[in-house]
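Owing to the predicted nature of the structure, the values given are computational and were not obtained by experimental measurement. Chain letters run A, B, ... following the sequence lines, proteins first, then strands; residues in each count from 1.
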Amino acid sequence: MACWLLKSEPDAFSIDDLQHLGKAPWDGVRNYQARNHIAHMQPGDLFLFYHSSCSPPGLAGCGEIISSPYSDQSALDPNSSAFDPRASADKLPWLCVDVRWREKFPCFVSLSALKACSELQHLQLLKRGNRLSVMPLMDNDFNLMVKLGGGITTAC
DNA sequence: GCCAACGTTGGC
DNA sequence: GCCAACGTTGGC
């Protein structure tokens, strides 16, 4: 079992949206480094749900990966904001996974709170200029951040 | 392969 | 809205 951090703009898709739906495809990722991380996901993996480009940005909750990676068909949909004009059914380079809601943290963990945590300074998320929307986490870091949020999920 | 121009992300 | 940082594109 591995741990991940997934970013989403809450205006587009939030932890509450995932809670209401129960499960949803995590699609629309259009960055090769992020895609390569998705390729390594497995059912049973856990992830932290990060709200980006909002005020305040930070960790809102967590969930579980419930599918293997599969082709992201939203790249073929001209009405989708994730439409990729270069993609075709034959050449579909993008991947997505299905995810399930686990919990919304009792205490939202703001980016400033993460920056203030000395044990988390090595996180890719906190590196200057970081833009990656899918990144791997070590179990220890996942557990610590869940704890900061007052959550109950643990990676073993 | 280099690099300038451009587009996007995301915090502030 | 601004801007820094990064990724991608495309000419050469």
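DNA chain B lies under 4.0 Å from no heavy atom of any residue of residues 88-96 of chain A.
Classified by interplanar angle (parallel below 30°, tilted 30° to 60°, perpendicular above 60°), the ring pair A/F49/A/H51 is perpendicular. Using a 30° and 60° split on the angle between ring planes, A/W26 and A/F13 fall in the perpendicular class, above 60°.
Annotation for A/L144 and A/C117: closest pair CD2-SG, 4.2 Å, computed over non-hydrogen atoms.
When the ring pair (Phe, Tyr, Trp, His ring centres under 6.0 Å) test is applied to A/Y32, the partners found at least two apart in sequence or on another chain are A/W94. Annotation: ring pair (Phe, Tyr, Trp, His ring centres under 6.0 Å) contacts of A/F105 (sequence neighbours excluded): none.
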task: Would you sort out whether A/S14 and A/D17 count as a side chain to side chain donor-acceptor pair (under 3.5 Å), showing the intermediate values?
output: CA-CA 5 Å; A/S14 70; A/D17 294 328; 3.3 Å; yes

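Listed by first and then second residue, the side-chain hydrogen bond (donor to acceptor under 3.5 Å, both in side chains) pairs involving residues 141-156 of chain A are A/E103-A/T153, A/H122-A/D141 (not counting sequence neighbours).
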Collect all protein-nucleotide pairs involving nucleotides 8-12 of chain B in which both atoms are nitrogen or oxygen and the distance is under 3.5 Å.
| residue | atom | partner | partner atom | Å |
| --- | --- | --- | --- | --- |
| B/dT8 | O2 | A/R131 | NH1 | 3.4 |
| B/dT8 | O2 | A/R131 | NH2 | 3.2 |
| B/dG10 | OP1 | A/K7 | NZ | 3.0 |
| B/dG10 | OP1 | A/R131 | O | 3.0 |
| B/dG11 | OP1 | A/Y50 | OH | 2.6 |
| B/dG11 | OP2 | A/S53 | N | 2.9 |
| B/dC12 | OP1 | A/K115 | NZ | 2.7 |

Contact list (N/O, under 3.5 angstrom) for nucleotides 1-6 of chain B vs protein:
none

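Between A/D72 and A/R30 there is a salt bridge, since a side-chain N of the basic residue sits under 4.0 Å from a carboxylate O of the acidic one.
In this structure, CD in A/Q73 is found 11.5 Å from OG in A/S80, a value given to the nearest 0.5 Å. Interatomic distance, A/L48 CG to A/C3 SG, rounded to the nearest 0.5 Å: 7.5 Å.
Position along DNA chain C of the nearest nucleotide to A/R86 versus A/N31 favours A/N31 as the more 5'-ward residue.
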